Amino acid sequence: MSFAKLDELGRKLEALEHALAILGADEATHMAVGGGAKRAEALSALAGMHHRQATAPEIADWIAAAETETLNDDQRLAVREFRRQYTNMTCLPTEFVERQTSARLRCEQLWRDLRAKNDWAGFQPALEGIVAIAREEAALRSEALGLDPYDALMEQYDPGNRTADITPVFTDLKAFLKDFVPEALAVQQERLAKSPKRPLSGVYAIERQRELGLAMMGAVGFDLTRGSLSVSHHPFCGGVPSDVRITTRYKTSDFLSALMGVLHETGHALYEQNLPEAWSHWPLGKARGMAVHESQSLFVEKQLGRNPAFWQWALPLVEQHLGERWSMDEILPHVHHVERGLIRVDADEVTYPLHVILRYELEQELISGRLAVADLPEAWDARMRDYLGLSTIDNPADGPMQDVHWPSAAFGYFPSYTLGAMMAAQQWSALTSEHPSVDDEIARGHFETVNTWRRDKIWSQASRWSTPDLLERATGEKLNAAHFTTHLKKRYGA
């Protein structure tokens, strides 16, 4: 039976994916600097092994035969996803995958060193190599999938989403935000003139912050027996569903920075931990895509973590772990602080989408060849000035070097962040329509209603539907940016 062969293949591939994920998470957190070269070799070899097994010629015959077999609904959908995965993988030669993996890892390692030194000149040649490889990948995928090159890259992160649909939405959102950011800042200034912000004490031991983060992770649903919290240069959620690796980075002067990072990554982890275990070895059992993934992380960070109801519950925890007593009127100006800033991961939810749109626009130009890597700092600076009134021209570390995505060849990923923010707001709107008293539950530290809704609508569905279809089934409508703009106006507007 051909489906049985696909099922066994899935188990073998899952084992390799497990090894790659854990080695990758370790490389970013605990590996000694001197281990970089050998780790890149090991991961490159494993990636090549995985690719060869996943693209073996006989798999095409197994898929074709399985499509004619008598299967249940889950199995039929699994075969569909096996075909999608096979098509997306066979368009890349194994030699290319090994070369890309090695180059990506070495560029990431170089980035960690050179970003700290603000050394664009030293980093530029490595990034040029990565962009050349990304263009090569885009061309290979474009030919195989019949999509425009950038859409072919984006398909790897968000099946079904296309620039033709996203760009008009982002264009409208950009226009709204360029007007709304000054309004939100004016509202904030007026409020602070009446009641000045209480400063953070600036004395927050890392271990105490860590314990606070772990307490909140567990409260919102993270299974601490199947995951962990570490430190890295750039916060991420990695590992595998049975062993999720969350990281953050701490500032002893500001406990909210790391805490919001922990909540964000916990949102990713909840999705992974609640995927259908029985399907874990099938492509069908994987998270649908990164926009959906970001909607889950941003839901926890924004719809929960910046919700006043959440802080009614959370403030006693802050006092317990950090020894500081805060009132709601004192903490919310920090939680809802709006500020034009250079750093995407530290941006508030009003200005954040402008950071993403800037990257979305620039990486399309990089992939198409309209923009050379050498000209990236000036192009970045021009858009940063236009969108946020800030300059990075002499500060590439906080400009085009600030994110790990491009060094790691993750082109097509960035739109997922703002799509995810829109989807999170839309999911919250649907959830609160069904459960109008959910804020009262959150204020008591009860997250069962929230997580049950998300488990039924999103987590348990895994990859049954395309990104647009999953959202429509969960909320009853297609992507509607009005939910996001309404959310911003309500929380930050006049």
Side-chain angles (χ1 to χ4, degrees), residues 17-40 42-43 101 104-118 123 126 130 204-214 216-217 222 224 226-241 243-273 290 293-294 296-298 300-301 305 342-347 355 397-398 400-410 413-414 416-417:
E17 289 160 3
H18 187 125
L20 283 161
I22 298 302
L23 281 172
D26 177 83
E27 189 264 347
T29 53
H30 295 98
M31 185 194 75
V33 174
K38 282 296 182 182
R39 182 61 57 87
L43 285 168
T101 301
R104 174 178 61 80
L105 285 163
R106 297 311 299 272
C107 190
E108 281 186 48
Q109 292 160 8
L110 188 68
W111 168 78
R112 291 187 197 119
D113 178 41
L114 297 184
R115 186 194 175 207
K117 300 173 181 175
N118 206 13
F123 181 64
I130 289 294
Y204 304 107
I206 289 174
E207 188 54 36
R208 288 192 172 194
Q209 290 191 60
R210 183 175 186 275
E211 291 302 320
L212 174 62
L214 287 168
M216 288 197 180
M217 287 164 59
F222 183 85
L224 291 163
R226 296 193 297 137
S228 60
L229 175 64
S230 299
V231 175
S232 67
H233 285 78
H234 193 101
F236 69 84
C237 175
V240 294
D243 184 10
V244 181
R245 306 294 178 92
I246 287 179
T247 73
T248 191
R249 56 189 179 195
Y250 295 99
K251 299 177 182 176
T252 56
S253 60
D254 175 5
F255 73 90
L256 285 168
S257 175
L259 183 59
M260 287 302 168
V262 166
L263 289 172
H264 179 97
E265 303 306 338
T266 297
H268 284 304
L270 289 174
Y271 190 10
E272 291 292 321
Q273 288 186 335
M290 292 318 302
H293 234 307
E294 291 300 334
Q296 300 312 288
S297 61
L298 290 167
V300 173
E301 181 192 351
L342 298 176
I343 306 300
R344 176 185 61 85
V345 296
D346 293 335
H355 289 268
D398 292 339
M401 291 180 73
Q402 73 173 265
D403 296 298
V404 72
H405 302 65
W406 291 346
S408 64
Y413 188 126
F414 275 120
S416 303
Y417 288 113

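All of these numbers come straight from a predicted model, not from anything done at the bench.
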Going by an N to O cut-off under 4.0 Å, is there a salt bridge joining Arg344 and Asp398? no
Can you tell whether the side chains of Glu27 and Arg245 come within less than 4.0 Å, N to carboxylate O?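 Between Arg245 and Glu27 there is no salt bridge, as every charged N stays at least 4.0 Å from the carboxylate O atoms.
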Apply the test side-chain contact (heavy atoms from CB on, under 4.5 Å) to residues Phe222 and Glu265: give CA-CA distance (whole Å), side-chain angles for both, the deciding distance (0.1 Å), then the verdict. CA-CA 10 Å; Phe222 183 85; Glu265 303 306 338; over 6 Å; no
Specify the closest pair of heavy atoms between [X] and [Y], including all atoms of both residues, with the distance to one decimal.
{"X": "Val404", "Y": "Pro407", "result": "O-CD, 3.2 Å"}
{"X": "Cys237", "Y": "Val244", "result": "SG-CG1, 3.4 Å"}
{"X": "Asp243", "Y": "Ile22", "result": "OD2-CD1, 3.7 Å"}
{"X": "Ser232", "Y": "Ala28", "result": "CB-O, 3.6 Å"}
{"X": "Gly213", "Y": "Leu259", "result": "CA-CD1, 4.2 Å"}
{"X": "Thr29", "Y": "Ser230", "result": "CG2-CB, 4.3 Å"}

Give, for atom [atom1] of [X] and atom [atom2] of [Y], the distance between the pair rounded to the nearest 0.5 Å.
{"X": "Glu272", "Y": "Arg226", "atom1": "CD", "atom2": "CZ", "answer": "10.5 Å"}
{"X": "Ser297", "Y": "Tyr417", "atom1": "OG", "atom2": "OH", "answer": "8.0 Å"}
{"X": "Ile246", "Y": "Thr266", "atom1": "CD1", "atom2": "OG1", "answer": "4.0 Å"}
{"X": "Arg208", "Y": "Ile206", "atom1": "CZ", "atom2": "CD1", "answer": "13.5 Å"}
{"X": "Thr101", "Y": "Leu20", "atom1": "OG1", "atom2": "CG", "answer": "8.0 Å"}
{"X": "Ile343", "Y": "Gln402", "atom1": "CD1", "atom2": "CD", "answer": "4.0 Å"}

Could you give me the CA-CA distance, side-chain angles and deciding distance for Tyr271 and Val300, then say whether side-chain contact (heavy atoms from CB on, under 4.5 Å) is met? CA-CA 11 Å; Tyr271 190 10; Val300 173; over 6 Å; no
More than 12 heavy atoms of other residues, nucleotides or ligands under 6.0 Å from NE2 of His233: yes or no?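 Counting other residues, nucleotides and ligands, NE2 of His233 stays at 12 neighbours or fewer.
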With a sphere of 6.0 Å drawn around CZ of Arg39, does it hold more than 12 non-hydrogen atoms of other residues, nucleotides or ligands? yes
Can any side-chain N or O of Trp111 pair as donor or acceptor with the backbone N or O of Phe123 at less than 3.5 Å?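 Flag not set: sc Trp111 to bb Phe123 has no pair under 3.5 Å.
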Sequence neighbours left out, what passes ring pair (Phe, Tyr, Trp, His ring centres under 6.0 Å) with His264? Give chain and number order. His268
Heavy-atom side-chain contact between [X] and [Y] under 4.5 Å:
{"X": "Thr248", "Y": "Gln209", "answer": "no"}
{"X": "Val240", "Y": "Glu17", "answer": "no"}
{"X": "Met216", "Y": "Val262", "answer": "no"}

For Leu229 and Arg210, what are the C-alpha separation, side-chain angles and deciding distance, and is it a side-chain contact (heavy atoms from CB on, under 4.5 Å)? CA-CA 8 Å; Leu229 175 64; Arg210 183 175 186 275; 4.0 Å; yes
Determine, step by step, whether Asp403 and His355 satisfy the side-chain contact (heavy atoms from CB on, under 4.5 Å) criterion, reporting the C-alpha distance in whole Å, the side-chain angles of both residues, the deciding distance to 0.1 Å, and the verdict. CA-CA 11 Å; Asp403 296 298; His355 289 268; over 6 Å; no
